Structure formats: structure tokens, C-alpha cells
2 protein chains.
Amino acid sequence: MGSSGPDWELWRTFDAVMREGSLSAAARALGLSQPTTGRHIAELEAALGADALFTRSARGLQPTVTAQALAPHAQAMAAAAAALTRTASAPTDAAAGVVRISASEVIGAEVLPSILAALRWSQPSLVFELLLTNASSDLLRRDADLAVRMTPPQQKALLAKPVGRIGLGLYAHRNYLARSGPLAKLEDLANHAVIGFDRDAAALRSFHAELALLPDFTLRTDNQLAQLAAVRAGFGVGVVQDPIAQRDPTLVPVLREAFVAHLDVWIVMHEDLRTTRRIRIAFDALVEGMSAHVRAGEA
Amino acid sequence: MGSSGPDWELWRTFDAVMREGSLSAAARALGLSQPTTGRHIAELEAALGADALFTRSARGLQPTVTAQALAPHAQAMAAAAAALTRTASAPTDAAAGVVRISASEVIGAEVLPSILAALRWSQPSLVFELLLTNASSDLLRRDADLAVRMTPPQQKALLAKPVGRIGLGLYAHRNYLARSGPLAKLEDLANHAVIGFDRDAAALRSFHAELALLPDFTLRTDNQLAQLAAVRAGFGVGVVQDPIAQRDPTLVPVLREAFVAHLDVWIVMHEDLRTTRRIRIAFDALVEGMSAHVRAGEA
DNA sequence: TCGACCCCATGCAATTTTGTATAGCAGACC
DNA sequence: GGTCTGCTATACAAAATTGCATGGGGTCGA
């Protein structure tokens, strides 16, 4: 019985069409010709039954409800295919090949570079890919090999190692403080420029718990790198990870007693990758590097 | 750039070869010819670089370390492909098509049948697949659409609904009790036939916590259906879910005060499937049916 | 030790899949 | 209103993939 579904290659085309929005664009992305992508989609539609996947138009293909329901699975398939080529990029027992790391934007921009630089110095054959997104992207969907996570490990299939706790505090640039009014009590914040989140529900909630009577933010953005940059530029007061703030002598902690929060940090990997040497090497390096980072913040 | 890895269809062949153990068997499973599968593997090996995936022998193909590292990703891909055909098996907005449900063996054999029977009565176009395994199989890997879980939801991408708590108790058949010695205190168990787990580490641990001084089991098996059958057959004393035991008047609860345990039950589904009507219908039916089951045990 | 069986590898013809070229259509912009 | 761009759909030839048949080699059991 070979009839267990269509040719997998058709799903790859489907995924590309969903992503690119038209047969022609998908053909370009895949390195195929436009008639071929069109035939692939036609073949899928024929194989799946009566209802069409797309409505054709001169402006491209618009996915039907069915196609929209299929899309996430196709993406999962694509992620697995990418993981396959990544894993095969070098022998399992070699300290070479591609390692794909998922982390938050702040960690990826402020902390990982030095860790990876050191690692590459000792392991010159490693190649890194960074997937920087705050929405903790799916290790389970194999979008990445390793991840730096701020939430406890959620899944048996994942191998997680805690590396400590990053303190969060309110900071401001000394130039800002020199020009602004007093900031000794939590209530003083009402007269200050406060940098915070815009719509990120999860982040807002977690900070609400810690900082119940926070005034309205003066600068709102969900991009934490922008928040950090704003604090450094002297715009106002914002939440900064202690170890990052302490590297910059111009940043001054404020309201140390009034605001306390922290992030528990984990390094996470797929259990499947346990035996792949380059992943293991990168895992260990991340554990060590992030541990050092966390300790630096405790000083 | 279309050169992002080999033809996906090759991975399907790879997965089949890993599963079946030989080119010929894989060819049979896929409905292809043996030369074709051989060529697929050869093409993969050529595409991935120097090191081979399999060592050829007259008894089949033996996977190398690299191939073993690739296998789980290929399985993930296969699961996603299966989910695609399943999802496409009927229009998204139809109360028809295949719904794949993961649950423990006991739930699948003792509880689900009546729930699904009732559901099928009101929705005759639904088709069900049961994946009965105690190792909570991966919803995230898209092995199933829905799951009945005894552990709290671990993943953001999953939509989980608690349906209550199933009590666990020690039970024995009345015929057994009529012939055996007294059973009033926990210590009396030493003189009884006790049915329990064999090697299932997780299960053993969870029961050790509840029943510290449990004697050595007289009948050991990790198959919980066999445990249940043994209790029903009057072999001895075993742990049974209250709602299941109470349906059978010949089963008598014993040591009610000494042993108390419970399982929190959740119905879990992929967030991706939220908009697929048949999955939603089955989800709601499972929530209602399992809630009723749980309540039945509280009587 | 022989035979039966299952396995992989290879040559060749048929089929399938793909690409090229082209036509037709809808919207954007001057 | 005309032109330009981007899209899909179709005809036909080239290329690639597949299946069939067959050969060679190893393992198991009588």
C-alpha cells in the first residue's frame, strides 16, 4: 500500500506557495519553473479531493480555509526537513557543521555574540544560525537545535539544564538622572519617562505582578532591544537585565528596593540531538557561557 | 535559492528504510520498486556528502551513526505528512473526516469506546483512529490530533482543558476476598497477591510516593490493561481507577483510608487545529464525556 | 553440502516529470 | 488610453525517474 498520501515534494511546493503567495514566486523560491509549481498544486488538489486549495486570481493564489488549516503542518514538515539537512551537514561525531540557536532578541544581541565568539575560537569548524524571537520558537517543531529559554522546561522530549537566575532591575542613564527630578520612591516614577511594553500581553502581565502601580509608559515598544537602546540613550527609566546593565558604568540602578524581578534561565535541546557532537559542544558552551553571564549579574 | 536540501520524497524513502530495515521491505511498504528505493538512498548519500547513511549487507541495510541521528527528524516529517493528509481528509468546516486520538491503554479500552460511540451516533461522518500508548505520544510531533493526558499541559502551542480528577484506589474481586485472609490494615497486604508495575519507572515512582511500604508485587506487568484484567479475574489486589471499578459491582474497594491517589485529566489539542470543525467537535465531546466519567467516579 | 530464500546492484525500455516558449488576463502608472 | 508588469494556463520537446528483468552474493535450514 503506497497510498499513504501524496508525494512529499508536493507539500514542499504547497508550503512555498503559502509563504510566497503566488505560483511564480514559489517557483522562484524553490528553483523550479512556474508551470511545475502550478502542476504540483493541481496534483495536490486532485489528490485531496474535490475542494480546492487556492482560488486563482491575476494577483496570485489566495488560500482557501482548507489550505490555511494545512499550512501549519506543512511548516512543521519544512522545519523537520531543514533539521534533517542541518543534522546531515556534518558527521555526527564531528565538531563541525551548523548549529541553530533560538533565543530572545536581547540575549541574542547582547550576550550570545561573545559566547559564540569564544566557542568558535576553540571550534573553528562550527557555523551558527541565530533565530532571535521573543515568542519562544519551537524546538519541538525543530526550528532550532538549541534554545536559551526564560521559562521552565515544558516537555519530556527536551533536555533542559538550568543555568541560574538573571536579575531584572530599573535603570537609567546617568545623564538622564542628572537632568530629571528626584527618583527615590516608586511614586516619583509618575514624573519620569518610563520605557515599557506596548501590547506584549505575557510581558505586561509578568511585570504587572511585580510593579503593580506602574505609571503609563512614556515609550512603548515590544522590541526589547529598542527598550534597551532607549535606556542607554538617556530617554528614561526602563527594565534592564542586571548583568547587561552592569557592563555599562553609565547606567545607574534606580529604585533598587521597590522593584525586584528575575528570569530563570535554561539551556534547552532536543533529546534526539544528544548524540550529535557539535550540538553537544554548543550546548555545553551555552551552559557555561550563560552561567558566567548570570554570575556576572550577581556581583 | 532552491538548493535548500534534497527532494523531500527522498526523506520519505529514508524513513521507510529506517523503519523496515531493508531496501526491499521499504519498497514494498511504499509501493515502489526495490531499485527505486536503492536509487533514492544513493541519491541522498550523494547529496549529503561523503559519509554513507547505511552499510550494505546481504541481510539488509544497517544504519550508520549519521542515519540514526537523522531518523527522529525523518519521523517528525512523516508525522507532519500524516497530519496533512488527515487534515485534508475532509473540508475544514465539515463534521466529517478522520480524528486521531492519543490516550492511555486503559482510557482507550475502558472509557473512550462509549464516548466515541455516542459521538458517532450524532456525527456519523466522523472516523476515529486511536493511538493507545502510555508513553504520552507527541501531539507536538503531530502523531495525533487530540489527546487525553494525565499530566498538566506543558506547552503553549497546545490548547488544554482540565476535566477533573480521577481517583485511584485499591480494589479486589469479591470472590478473591471471600477466599483470602483479612485485609483491614496496610500491613495485611504482605499476605495478599498484589498486582503492580514491572519496570515502568515513572509509574513505580508515582506509586511509591503514595504507597511507601508496598510489598513486592505478586504479579508484575507494565500493561495496565493486564493489571485491570487480573484484578477482575480475582488474581489479587490492584490499583484501579474509581470510575472504572464502580461500574463493576463485583469489584470491592479495599484499604480505602490507607491508599489515596489521583490523576488529573486533561483534554489536549493542537492550537493549529482550533479552526478545524471536526477536531473541535471531537474535542468538545471528549471534554464532556471524560467529565462525566470523572464525575461518575466521585459517587 | 546443497538448495531455497532474501537481499542488493545494474542494464534497458517505458513512463512521468520538467522546462521552454507563448498566449491571455488583470491591475498600476504615466 | 496606452503601456508595463506580474500573474496563470497551455503546447511541445527534453530530461529525469521509474519499473522490469536479471545477475550476483550471502544466510538459514535440511
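Just the heavy atoms: all of them, side chains too, but no hydrogens, waters or symmetry mates, feed the values below. Reminder, nothing fancy here: chain letters follow the sequence lines and each chain counts from 1. Computed from a predicted model, the values in this text were never measured in an experiment.
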In Å, rounded to the nearest 0.5 Å, how long is the span from [atom1] of [X] to [atom2] of [Y]?
X       : Y       : atom1 : atom2 : answer
W11(A)  : H40(A)  : CH2   : NE2   : 13.0 Å
L10(B)  : E43(B)  : CG    : CD    : 4.5 Å
R277(B) : T275(B) : CZ    : OG1   : 12.5 Å

Practice prompt. Look at the side-chain N and O atoms of H40(A) and state whether any lies under 4.0 Å from the OP1 or OP2 oxygen of dT18(C).
Written response: yes
Worksheet item: When you check the phosphate oxygens OP1 and OP2 of dG19(D), does a side-chain N or O of T36(B) lie under 4.0 Å from one of them?
Response: yes
Between [atom2] on [N] and [atom1] on [X], what's the gap in Å once rounded to a whole number?
X      : N       : atom1 : atom2 : value
L10(B) : dT18(D) : CG    : C1'   : 13 Å
F54(A) : dA9(D)  : CZ    : C1'   : 17 Å
L44(A) : dT17(C) : CG    : P     : 13 Å
E9(A)  : dT18(D) : CD    : C1'   : 16 Å
L32(B) : dT15(C) : CG    : P     : 18 Å
I41(A) : dA9(D)  : CD1   : C1'   : 15 Å
Q62(B) : dG26(D) : CD    : C1'   : 15 Å

Item to complete: Go through the steps for Q68(A) and T92(B) under the test side chain to side chain contact (heavy atoms under 4.5 Å, CB included), then give the verdict.
Response: CA-CA 9 Å; Q68(A) 286 171 355; T92(B) 311; over 6 Å; no
Worksheet entry | Any residue meeting ring pair (Phe, Tyr, Trp, His ring centres under 6.0 Å) with F235(B), in chain and number order, not counting sequence neighbours | none
Discussion item. Taking side-chain hydrogen bond (donor to acceptor under 3.5 Å, both in side chains) as the criterion, tell me which of H270(B), R100(B), R278(B), R86(B) meets it with D145(B).
Written reply: R86(B)
Polar atom pairs (N or O), protein with nucleotides 7-14 of chain C, under 3.5 Å:
unit_1 : atom_1 : unit_2 : atom_2 : d
dC7(C) : O4'    : A58(B) : O      : 3.4
dC8(C) : OP1    : L23(B) : N      : 2.7
dC8(C) : OP2    : L23(B) : N      : 3.4
dC8(C) : OP2    : S24(B) : N      : 2.9
dC8(C) : OP2    : S24(B) : OG     : 2.7
dA9(C) : OP1    : R56(B) : NE     : 3.2
dA9(C) : N7     : Q34(B) : NE2    : 3.2
dA9(C) : N6     : Q34(B) : OE1    : 3.1

